[in-house]
Amino acid sequence: MSLPSIAPPATIGILGGGQLGRMLAIAARSMGYRIAVMDPDPDCPTAALADRQVVAGYDDVGGALRLAASSDVVTYELEHVAVAIVDALEGVVPVRPGRLPLLVTQDRIAERRFVEEAGATVAPWREVRTTDDLRQAAGELGLPLRVKATTGGYDGRSQIRVGAAADIDGALERLGRPPGDLLLAEAEMAFDLEVSIIVARGVDGRSAAYPLARNTHDAGILAESVAPAPVPAEAAERAADLGERLAVAMGMVGTLTAELFLMPDGQLVVNELAPRVHNSGHWTIEGAATSQFEQHIRAICALPLGSTAALAPTAMVNLLGTGRRRVARMEVGEIGAALADAAVHLHLYDKRGVFERRKMGHLTAVGSSVEDALARARAAAVHVCWADDTVDVGKEGQG
Ligand code: ATP
Ligand code: MG
C-alpha cells in the first residue's frame, strides 16, 4: 500500500532551525512547500525561511504540539530531539523519519549495538563509568582509545583521546561529564580515509545512495568533503550497500548518513549514523542531480526520489568562525575575491554571531577532478573572514 503524497503548498514542520533546517527549507520552498520551524533561538538560521516559528527547545513537547498543529508532516534536522516529542506527535501528524532512527542515533552505545545487529562493523568498544573501567578497557582494546559521551556530542565535542597509559588517570575528568556517567570507550582506528555514504529512502521502501564522499576532519570537526570519493569502485559499492542495509534496518524514511572509516584492508567501519541530511552531503547542492535537501523533502512527502548522480567532481570546504564571540559580518573587501573563480559557490547560514570554529557557511567548487575542485574551494576559502570590529554578542545557538 502506498501512502498518499503530501503536495505543495503543504507545510513541512522542522524540529531544529540550524543550517541543515535552513537548507531543507530553501529546497522545500523552491518546490512550493511552506515551512514551520521549532528552535529555541528566534534568530536561528531557518527563521528567515519559515512562514511560522515556534520558539521552543528540542525537548519541549508543548512547543512541538504547536508546531504540529500547523504542519502536514514533521521532520528533524538534528538527532538531539527528545523522543517524547515524537511520541506526543504520534497520531497527530506523521514524523519522518520516526522514533527508531532517533533512539538509535542519539545514544552512541545504542547506535553501536544497532550497527552490530545489522551485521556491520564498529570499532571495538566497551562501556565505561570509572577510571578503573577505562584502565580495563585499555587493557582489553589497547591504546590509543577514544572516550565519548554517549549523548549530546557533536563536532568532536564531548570526546577525548587517551593516547598513552599515563593519560588514563584524569581522562574522565577531562571529558567533563558527571562522575559515574555511562561513557563509550573505543579503539582508535588507523583508517586510510574517512568517507560517508548518504542514502535516501522513501515511504515505499525504495532507496537511492549518493556517490561516496571523502571527508577530512580537523580536531573532530568536518573541514572538507569531496565527491565522488577517489576510492576503488568496489569499495564505493560496498559502502552504498551498507548504507542501504542500515536504512532498511532503521525503517528509515528520509535521508540517512553513515560516517565510515575505510581501513587499509578495505574494511568499512561505521563511526556514526545521522538520520538526516549531513554536512558531508552539502556538495550535492551543486554537484548532484538532486540535492540531499530536496531528496529528503521528496522522501518525507512520499514523492519519488530524484537522481543521485554526480554532475561533476565536487568539493566542499566548511567556513568556520575565528576569534572571539561577536556579531558576524563578512569582510566585504574579500567576498569578491572568494567568488572570483566562476566554479565556486558561496553558502552562508546567516548566523548572527561568530566565534572560534563555529560553522558559519561553506563553499563548493566543481572541477575537472576532485583534487582540482578542492584546490579551487580552498583557494576561495582563504578570502572568507569575519570583521573584527563588531560588538560582542551574548550566548546564542551553539552549532
Ligand atoms: P561530528 O558531529 O563532526 O560527526 P562527533 O562529535 O559526532 O562529530 P565523531 O564523529 O564520533 O564525533 O568523531 C569525530 C571525528 O573524530 C571522526 O570523524 C574521526 O575523525 C575522529 N574519530 C572519532 N572516533 C574515532 C576512532 N574510534 N578512531 C579514529 N578516529 C576517530
Ligand atoms: Mg561524526
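For reference, positions follow the sequence shown, starting with 1. We count ligands from 1, going down the list as the structure has it; atoms in each ligand are counted the same way.
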Polar-atom distance check: E188 versus ligand 1, any N or O pair below 3.5 Å?
no

For atom 28 (N) of ligand 1, what's the nearest protein heavy atom and its distance?
M189 N, 2.8 Å

Does a side chain donor of either T364 or E286 reach within less than 3.5 Å of an acceptor in the other side chain?
yes

Using a distance-only test with no angle check, is there a side-chain donor-acceptor pair under 3.5 angstrom linking R52 and S70?
yes

Would you say the side chains of H296 and T75 form a donor-acceptor pair under 3.5 Å?
yes

Minimum-distance atom from the Mg ion (ligand 2) among N, O or S atoms of E272
OE1

Would you find more than 12 non-hydrogen atoms of other residues, nucleotides or ligands less than 6.0 Å from E90 atom CD?
no

Just go through F191, F261, W125 and tell me whose heavy atom is the nearest to atom 25 (C) of ligand 1.
F261

Of R108, E186, R161, which has the heavy atom at the shortest distance from atom 27 (N) of ligand 1?
E186

Can you tell me which residue and heavy atom of the protein come closest to atom 9 (P) of ligand 1, and the distance to 0.1 Å?
Q159 NE2, 3.4 Å

What residue and atom, counting heavy atoms only, is the protein's closest point to atom 16 (O) of ligand 1, and at what distance?
R146 NH1, 3.7 Å

Checking heavy atoms under 4.0 Å, the part of A187 that sits near ligand 1 is backbone

Looking at E194, is its backbone amide N or carbonyl O close enough to the side chain of E259 to form a donor-acceptor pair, meaning the two atoms are under 3.5 Å apart?
no

Which heavy atom of the protein is the closest neighbour of atom 4 (O) of ligand 1, given with residue, atom name and distance?
E272 OE1, 2.8 Å

Any side-chain donor near an acceptor of the partner, D107 and T151, under 3.5 Å:
no

So which protein heavy atom does atom 1 (P) of ligand 1 come closest to, and at what separation?
D155 N, 3.4 Å

For atom CZ of R324, decide whether the heavy atoms of other residues, nucleotides or ligands shown that lie under 6.0 angstrom number more than 12.
yes

Note: ligand 1 atoms sitting under 4.0 Å from heavy atoms of E259 are 4 (O), 10 (O)

Does an N or O from A123, backbone or side chain, lie closer than 3.5 Å to an N or O of ligand 1?
no

One residue to check: N215. Relative to ligand 1, which of side chain, backbone, both or neither has a non-hydrogen atom less than 4.0 Å away?
neither

Is there side-chain contact between L305 and Q295, with at least one heavy-atom pair below 4.5 Å?
yes

Does D388 pair with R326 as a salt bridge, N-O distance under 4.0 Å?
yes

Among all protein heavy atoms, pick the one closest to atom 23 (C) of ligand 1 and tell me residue, atom and distance.
K148 NZ, 3.4 Å

In the protein, which heavy atom is nearest to atom 17 (C) of ligand 1, and how far is it?
E194 OE1, 3.4 Å

By atom name, which N, O or S atom belonging to E259 lies closest to the Mg ion (ligand 2)?
OE1

What protein heavy atom is closest to atom 6 (O) of ligand 1, reported as residue, atom name and distance in Å?
G156 N, 2.7 Å

Is there a donor-acceptor pair under 3.5 Å between the side chain of R126 and the backbone N or O of A137?
no

Among R358, K359, H362, find the one that has a side chain to side chain donor-acceptor pair (under 3.5 Å) with Y349.
H362

